[in-house]
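The shown structure was predicted, so the numbers you read here are calculated from the model rather than taken from an experiment. Each chain gets a letter, A, B and so on, in the order the sequences are listed, and its residues count up from 1.
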2 protein chains.
Amino acid sequence: MAVRKTVERQTGVALWRQIADRIRLAISNGDYDATGMVPPETALAQEFGVNRHTVRSALAALADEGLVRAVQGRGTLIERKERVTYPISRRTRFSQGLGRQVKEIGTRLFAHAQVPASSEIAAALGLPPGAALIELNTVSSGDGRPLSTSISYFPAERFPRMAEEYARLGSVTKAFAAQGLSDYVRASTEIVARHAEAEELALLQLSPGAIVLEAHAVNTDLDGRPVEYARTRFAADRMKLRIET
Amino acid sequence: MAVRKTVERQTGVALWRQIADRIRLAISNGDYDATGMVPPETALAQEFGVNRHTVRSALAALADEGLVRAVQGRGTLIERKERVTYPISRRTRFSQGLGRQVKEIGTRLFAHAQVPASSEIAAALGLPPGAALIELNTVSSGDGRPLSTSISYFPAERFPRMAEEYARLGSVTKAFAAQGLSDYVRASTEIVARHAEAEELALLQLSPGAIVLEAHAVNTDLDGRPVEYARTRFAADRMKLRIET
DNA sequence: CTAAAATGTCTATTGATCTAGACAACTATA
DNA sequence: TATAGTTGTCTAGATCAATAGACATTTTAG
């Protein structure tokens, strides 16, 4: 007999959303790989102890995300399941790490500006507060699916053409190279998980209630001088972070 | 004028829960440090564009968590706000990293068993599938607040007294030492974020809909032989992970 | 002491979520 | 070609979430 999976009532999270989250997790865990299909609605309803209509709401949400596709008479087919692994190491490069997992990587620079450094970012970059920074706002996707969005800060004095070079080359590594920095390393990374905000839902094409992994990273040149402060938000249900030591 | 913060309707997540999540985040970001209090209910209601009763539901949930305390006539006081930083490096030790941030660290071994290795864990530990493992189930807390729960696996042949030594010493590092392993290092860590399951809600004393950071880690001895596979789930709104490279 | 500002409590109403049941439409297979 | 198994659609009712307003209670400031 199937194990009765628990869902909590009266918690402010609708049952259909809890069930959608559980099914999404089961798909990415490969629980349904044997058939390539989600179990029948009636089976899921019994498993979760809810009405079939509630399960249908959950599956409709997953179909909206493009994760599954219902076919009348046959069942509900799984369209996608992989979680992309993003490696974090001393030599973290966005495109390199994802290279073999997705066919096509897209980066989009949707805004940039010159801004004064906040005290927090100034401290992280070893600059005086208020120092001029180039801010880049980007969204990166793999095979057309948004994976992460970043706000990156670079010292404007040292890398004055950052925005133009990034727009031209589509890569931080190449934009650095074009401005005379041939190599850099990751100094530190801090990670928190939280619910996505409205802007992130839009940029990453997430459904409300989704989770983002937010990483604050500092990159330095080989002399240890900070060259970049980045705040990257990953779509948590599409990504896994791998830390290599 | 206060910025109007967006909440999404008809998403399967109740407005009061979305607002509770936003306020919790604002508290841990230190947004209200100036006063030590949450803004008045009427101000929050206007800020989020909802009825005061909806804000009250959100604050009641936060009060249940012990995060805030409402005092009639005065306002709603913030009781706790810190996020504990958990460092992950080649020499990751649970208690060491938290030492300065919390006064008192508690570890509780609530179950242990000898189990055969699944194919996944066997591969991670470099053992044949089905090899005997000691499984430890623990909950760790800082200053009385649960921070993480772990399921750890150790090769039973090499560390036969793992459960007893851990129960006696309250530390993996010390239990290793008592069995002849004086040093070990972190080989790899993988991190995903997801919604907490029912068991995790209970163990970590979370409210439904909460997020957990799940880390899968392999530790090895200095010769590179795996000695531990651990699946640790952190209460995401109490923790920050810091990766040191 | 008074007034303003804040939280606490109550009632009523509307809309969203969940349950329940019935039946239609479609697919695969014996 | 039946038949079982599956998804699609509809109706009706029960429960939960959110709004709206009024007023009580408590604390703080003047």
- According to a strict under-4.0 Å criterion, is A:R74 in side-chain N/O contact with OP1 or OP2 of D:dG5? no
- Item | Closest nucleotide among C:dC26, D:dA18, D:dT19 to the A:Q72 side chain | C:dC26
- Query: Which whole-number value in Å describes the distance from B:L77 CG to D:dT26 C1'?
  - Reply: 14 Å
- Message: Once you apply a heavy-atom cut-off of 4.0 Å, does A:S57 come out as touching a base, just sugar-phosphate, or nothing?
- Response: nothing
- Query: To the side chain of A:R56, which of D:dT7, C:dT19, C:dT7 is closest?
  - Reply: D:dT7
- A:L15 CG - C:dT17 P separation (whole Å): 11 Å
- Message: Just by distance, no angles: are the side chains of A:Y229 and A:H216 close enough, under 3.5 Å, to form a donor-acceptor pair?
- Response: yes
- Query: Do B:R52 and B:T42 have a side chain donor and acceptor closer than 3.5 Å?
  - Reply: no
- Task: Could you state the atom-to-atom distance from CG of B:L44 to P of D:dA18 in whole Å?
- Result: 16 Å
- Note on the structure: Quick note, B:W16 side chain, CB onward, closest among D:dT7, D:dA17, C:dT7 is D:dA17
- Note on the structure: From CZ of A:R69 across to P of C:dT27 the rounded distance in Å is 12 Å
- Taking the side chain from B:N137 and the backbone from B:I151, do they hold a donor-acceptor pair closer than 3.5 Å? no
- Query: Once you round it to whole Å, what is the distance between P of D:dG5 and CE of A:M37?
  - Reply: 14 Å
- Note on the structure: Shortest non-hydrogen pair, B:P39 vs B:L44, comes out as O-CD1, 3.5 Å
- Send over the distance from A:L62 CG to D:dT7 C1', rounded to a whole Å. 15 Å
- Task: Starting at atom CG of B:N51, determine the distance to atom C1' of C:dT13, rounded to an integer number of angstrom.
- Result: 12 Å
- Item | Side chain of A:E41 - closest among C:dT7, D:dT19, D:dG8 | D:dG8
- Nearest nucleotide by nearest heavy atom, which residue falls closer to the 5' end of DNA chain D, A:G73 or A:R52? A:G73
- Message: Taking 4.0 Å as the cut-off, does a side-chain nitrogen or oxygen of B:T54 come that near to OP1 or OP2 on D:dT19?
- Response: yes
- Task: For the helix from C:dC1-D:dG30 to C:dA30-D:dT1, measure the angle between the helix axis at one end and the axis at the other, each built from five pairs, rounding to 10°.
- Result: 30°
- Task: Hey, which sits more toward the 5' end of DNA chain C by its nearest nucleotide, B:V71 or B:H53?
- Result: B:V71
- Polar side-chain atom of A:Q46 near backbone of A:A43 as donor-acceptor pair, under 3.5 Å: no
- Message: Does D:dT7 have its OP1 or OP2 closer than 4.0 Å to a side-chain nitrogen or oxygen of A:T76?
- Response: yes
- Message: Are the side chains of A:L241 and A:L213 in contact, using a 4.5 Å heavy-atom criterion?
- Response: yes
- Item | Close side-chain approach of A:I191 and A:E214, heavy atoms under 4.5 Å | no
